[in-house]
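To start, the structure itself, in structure tokens.
Since we're looking at a predicted model, the values are computed, not measured. Naming convention: chains lettered A, B, ... in sequence-line order (proteins, then strands); numbering from 1 in each chain.
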Number of protein chains: 2
Amino acid sequence: MTKRKVDVAADAWRSVIDLMQSRKHRFLEVAQEWGLTPGHVQALISLEPENALAMGALASSWKCDASHVTFLVDRLEEKGYAKRQPAKHDRRVKTIVLTPAGLTARSAILDRLYEPPEALLELSVAELEALTEALTKVRLAADRG
Amino acid sequence: MTKRKVDVAADAWRSVIDLMQSRKHRFLEVAQEWGLTPGHVQALISLEPENALAMGALASSWKCDASHVTFLVDRLEEKGYAKRQPAKHDRRVKTIVLTPAGLTARSAILDRLYEPPEALLELSVAELEALTEALTKVRLAADRG
DNA sequence: TATTGTTATACTCTATAACTATA
DNA sequence: TATAGTTATAGAGTATAACAATA
């Protein structure tokens with residue numbers, strides 16, 4: 001008896017989840033290294049240098065209340081990682097841009113988060129390439145859907 | 001010029017992280033469906049039926065303070081999903097066991113969490129099997145390390 | 001006296017509601 | 001009057017410290 005594709009997919013997905021679960025402390029760890037809360041790390045890394053957003057847009061993107069965006073951005077501003085920039089066309093709107101220090105911190109944090117587990121090196125280069133290709137394909141499909 | 005293995009591994013890991021990122025809302029969603037906080041869901045699914053632990057052991061496992069374990073277990077007990085069982089050998093120690101309702105809830109929640117994204121079906125069965133095999137290998141290596 | 005777990009309390013994170021400034 | 005963001009405030013979640021019961 002052969003498995004149906006959905007069951008094979010379920011096995012594969014379960015392996016992804018279980019692997020992530022075993023690494024879930026990493027995020028908290030990185031936040032502590034930088035003296036930030038996990039929420040502030042999440043905020044900092046989602047501030048894209050080439051696509052500065054306004055407070056309101058951040059609230060939607062982060063799926064939280066506008067008042068909480070104020071709270072998060074306040075701390076990032078205190079840390080010198082971001083600053084509010086009133087928009088030219090409408091002075092109510094404030095765009096959040098990363099400072100040079102913020103850019104540096106953000107990319108250092110991303111490096112730490114993307115740091116692969118040692119165990120990944122047990123795979124061959126061919127297996128690693130196949131893995132990347134497969135998961136990228138899935139993510140692109142997910143983004144479309 | 002060919003890439004070094006560590007760089008290929010970094011690409012692979014990044015693809016895992018990015019994929020998970022795109023699904024991070026799922027956990028919160030499931031928690032809401034069950035009228036639980038994410039913390040309580042995390043607690044419930046980590047209570048293994050075949051390996052009941054005491055409060056103190058849960059505090060280490062969950063990397064939180066003992067007083068917070070009290071808080072979490074209180075809610076699970078109120079919901080009827082778990083109960084405290086004073087240990088025979090030392091009546092200070094309380095072992096937390098899942099009730100029948102807790103067992104049912106736990107496995108239903110796990111089913112929801114393990115539910116694969118539609119997009120995974122874009123991969124062939126062979127690709128899915130390779131994915132599972134590779135990630136399982138990594139996780140086993142990580143557990144050893 | 002030392003240890004397991006709880007209670008009292010305070011601090012952090014997050015949301016809701018009232019407010020200010022601009023449009 | 002409506003909208004962008006902030007301030008005041010209250011509710012969860014989490015920790016620290018003092019405590020009770022048992023060892």
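Two residues are said to be in side-chain contact when any heavy atoms from C-beta on lie closer than 4.5 Å; Asp11(A) and Leu128(B) fail this criterion. Within the 4.5 Å cutoff, the side chain of Lys79(A) has heavy atoms near those of the Leu36(A) side chain. Asp18(B) places a side-chain heavy atom less than 4.5 Å from the side chain of Tyr114(A). Residues Glu122(A) and Val138(B) form no side-chain contact, since every pair of their non-hydrogen atoms from C-beta on lies 4.5 Å or further apart. Annotation: side chain of Trp62(A) is in contact with side chain of Leu72(A) (closest heavy-atom distance under 4.5 Å). For the pair Arg26(B)/Met20(B), no side-chain contact is recorded, criterion being any heavy-atom separation below 4.5 Å from C-beta on.
For residues 89-96 of chain A, proximity to DNA chain D is found at Arg92(A), Val93(A), Lys94(A), defined as any non-hydrogen atom under 4.0 angstrom from a strand atom. For DNA chain D, the residues of residues 56-71 of chain B within the heavy-atom distance limit of 4.0 Å (strictly under) are Cys64(B), Asp65(B), Ser67(B), His68(B), Phe71(B), sorted by number. Using a 4.0 Å cutoff on non-hydrogen atoms, no part of residues 33-51 of chain B comes near DNA chain C.
The distance from atom NZ of Lys83(B) to atom P of dG5(C) is 17 Å, rounded to the nearest whole Å. If you measure from atom CE of Met55(B) to atom C1' of dA21(D), you get 15 Å, rounded to the nearest angstrom. Atom-to-atom, CG of Leu28(A) to C1' of dT12(C) comes out at 13 Å; the value is rounded to the nearest Å. Whole-Å rounding puts the Asp74(A) CG to dT12(C) P distance at 15 Å. The nearest whole Å value for the distance from the CG atom in Leu53(A) to the P atom in dA4(D) is 14 Å. Straight-line distance from the CZ atom of Arg75(B) to the P atom of dT6(C): 13 Å, rounded to whole Å.
Salt-bridge formation is not detected for the pair Arg14(B)/Asp111(A): no Lys NZ or Arg NE/NH1/NH2 atom is positioned less than 4.0 Å from an Asp or Glu carboxylate oxygen.
Between Phe71(B) and His40(B), the ring planes are tilted. Angles from 30° to 60° get that label.
Going from atom CD1 of Ile96(A) over to atom CG of Leu44(A) covers 12.5 Å, rounded to the nearest 0.5 Å.
For CD of Glu118(A), the number of neighbouring non-hydrogen atoms (other residues, nucleotides, ligands) closer than 6.0 Å is 12 at most.
A continuous path of Ile, Leu, Val, Met, Phe, Trp and Tyr side chains, each step under 4.5 Å between heavy atoms, connects Leu19(B) with Ile17(B), placing both in one hydrophobic cluster.
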